[in-house]
Amino acid sequence: MNAADRSTPALELKNITKRFGRVTALEDVNLTAYSGEILAIVGDNGAGKSTLIKAISGVHHQDDGQILVDDQLVSLSSPADARAAGIATVFQDLALVECLDVSTNMFLGQFPRRGWFVDRQRMDTESRRFLDELKVTVADVHTQIGMLSGGQRQIISIARAVRSGAHTILLDEPTAALGVRETRHAADIISNLRDSGKAVICVSHDMEFVFTTADRILVLRLGKVAGVREVSATTREEIIGLITGTKQEAA
Amino acid sequence: MTISPESPADRGPENTVPKNTVTSAAWGWVVRQAQSRAQLAGLAGVLLVLIIVFQIGNPIFLSSGNIMEMLRATTLYFIVACPMTLILVSGGIDFSAGALFATGGVTAGLLMVLGIPWPVAVIIGMAVGGALGVVNAWLSVRLRVPPLIATLGMFFTASGIITVITGGNSIYGFPKAFTDLGQGFLLGIPFLVYYAVVIGVVFWILLEKTSLGYDARAVGGNRAAASANGIRVGRHDFIVYGLAGAVAALAGIMGAARLSSANPAAGGTALTFQVVTAVIIGGTSLFGGIGSIGGSALGALLFAVINNGLVIINVNSLWQNIFVGVILVSAVAIDQARRRRQFSSRR
Ligand SMILES: Nc1ncnc2c1ncn2[C@@H]1O[C@H](COP(=O)(O)OP(=O)(O)OP(=O)(O)O)[C@@H](O)[C@H]1O
Ligand SMILES: [Mg+2]
């Protein structure tokens, strides 16, 4: 299952620290993500998972530490920078613009152009094609996002990250709003990303999902890395122990 | 699986879809069209009724001379309303428009009186307006002063500066080539109307067809999401406020050409409020994301029709404000109802 190329990390974080006033949301976090691999990030509420995702996607700038993409040091001071560095994100809370339709949302920040104009036709046909490829059932790409259910929105955010063609894909609780069937669907999409050689980082609370989909698991606890495990070499009990702190990292 | 009624070409052979999805998609399309047109249709209806009433009251109302007069009275407001629409769609507001209007006229006027060739004076006047618009954006993007306050502050500051510089007096003595631009006719239609049409078309294209317009709807619809998805929202603000300043100044310059004088008190709060009101009556949401240039054109026209019509049928024009007030509040109530229906029901 694990065909990851571990020679060069697609993304590497070194000693990332992020504070919000007196709260230290992330402290000395190290993380390595490889192409063709799914890295799951787990941890309790408030452990710093979303903050970590936002630091990688340029929403937050770290107070300390370095981010490397393909072994190159990068400065991600805005989401546009992260996009340019080949990082696409499915956010937990900042997903879509409700008053715009599905295809416009699929292309936010990357509208296709023909000369001076946005190529609406191409936007519609490509959105349609992508959604069909991913087997996402949306009757009409002109539907406003505000008219869709939470689960439909979630799937569309995922589809959008896939569409962006980015090399590294970050997902923050992609299955939180999804039913059983849709969760399996999202897992398929995410596995396909891995199989096509993308580096995938996925935050989730859903252990079932993590253990069936991910290759490695990074546990965050109180803003620090409590441990990193290969899925094939760990158990749920161990991961839960790391999350709750009943099991301490030996090293 | 897809059926979007307006593009049957999308229908691939593999896309077999349950019947109910087809109909619900088609129905969704019908509902959307109706919703997006409803407020405009309502406004057009109000305009039509007013026109009929005024025409019955006095047949002069629809004479070509009077129609020209109404169009000309609409033009400057409409020109300022175009960038105002873009700003409101982007989720902002510009209360400095009336002052930047006067600043444009006064700047170009002073330069012409000093002997600077009029085309140079016009360009510098617009540049000053654009620069002040950029200051508006800087205040809100960098210093985080809400646009309402930043632009209101700009309104007073800019008005104050030009009043001090001119001593509150109008500036006269422009070259004829310049004043002709504001007073000439072509085929019986004032030049000003042509300028307004050109600017209207340019802004319609900007809003509907370019990535600036798409960005505007995204930034106004959900600023945080737009930013998180890679739209440079700060840069967007600099562009739209800068553009708005330059266009407001240009309108002020045209006004100066039309009157052969530039007055530091031109535009002012009256123009600012009328423009914002026209844009909102035209269906542009005060909360961003939604709006159209066509709506703003109708909104601006409504003012001219009410103002002119009341005079023509011998009703005291003081009634104008009552009409406008009622229509404004109705427009916003409709917008609110529309937002509630569309965005909150599924949350
Ligand atoms: N913008 C912010 N300003 C101030 N504090 C913040 C901000 N964002 C996060 N925090 C704080 O940082 C800590 C980590 O939050 P974060 O959202 O990263 O947690 P999380 O692991 O994603 O939790 P959840 O499972 O609930 O999504 C929390 O203590 C939170 O209060
Ligand atoms: Mg979170």
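Just so we're on the same page: letters track the sequence lines, and every chain starts at 1.
Heavy atoms closer than 4.5 Å to chain A are found nowhere in Leu206(B), neither backbone nor side chain. Looking at Ser57(A), neither its backbone nor its side chain comes within 4.5 Å of chain B, counting heavy atoms on both sides. The contact between Phe117(A) and chain B is made by backbone and side chain atoms together, counting heavy-atom distances below 4.5 Å.
Rounding to the nearest 0.5 Å gives a distance of 15.0 Å between NZ of Lys209(B) and CZ of Arg113(A).
In terms of heavy atoms, Val59(A) sits closest to Ala228(B) at CG2-CB, 4.3 Å. For Thr104(A) against Tyr214(B), the heavy-atom pair with the smallest separation is CG2-CD2, 3.7 Å. Ala225(B) and Leu96(A) get closest at one heavy-atom pair: CB-O, 3.8 Å.
Residues Phe111(A) and Asp215(B) are in side-chain contact: their nearest non-hydrogen atoms beyond the backbone lie under 4.5 Å apart. The shortest side-chain heavy-atom distance between Arg217(B) and Cys99(A) does not fall under the 4.5 Å cut-off. You'll find the side chain of Gln110(A) stays beyond 4.5 Å of the side chain of Asn229(B), heavy atoms only.
Close approach to chain B, defined as a heavy atom under 4.5 Å from one of its heavy atoms, is seen in Asp81(A), Arg83(A) of residues 81-88 of chain A, taken by number. Of all residues in residues 230-237 of chain B, those placing a non-hydrogen atom less than 4.5 angstrom from a non-hydrogen atom of chain A are Gly230(B), Ile231(B), Arg232(B).
With sequence neighbours excluded, the residues that form a side chain to side chain donor-acceptor pair (under 3.5 Å) with Thr85(B) are Ser296(B).
Proximity of a side-chain donor or acceptor of Asn222(B) to a complementary backbone N or O of Glu98(A) within less than 3.5 Å is not detected.
Between chain B and the residues Val118(A), Asn105(A), Ile145(A), the largest count of heavy-atom pairs under 4.5 Å involves Val118(A).
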Would you give me the side-chain donor-acceptor pairs under 3.5 Å for residues 133-150 of chain B, sequence neighbours excluded?
residue   : atom : partner   : partner atom : Å
Asn136(B) : ND2  : Ser96(B)  : OG           : 3.0
Ser140(B) : OG   : Ala137(B) : O            : 3.4

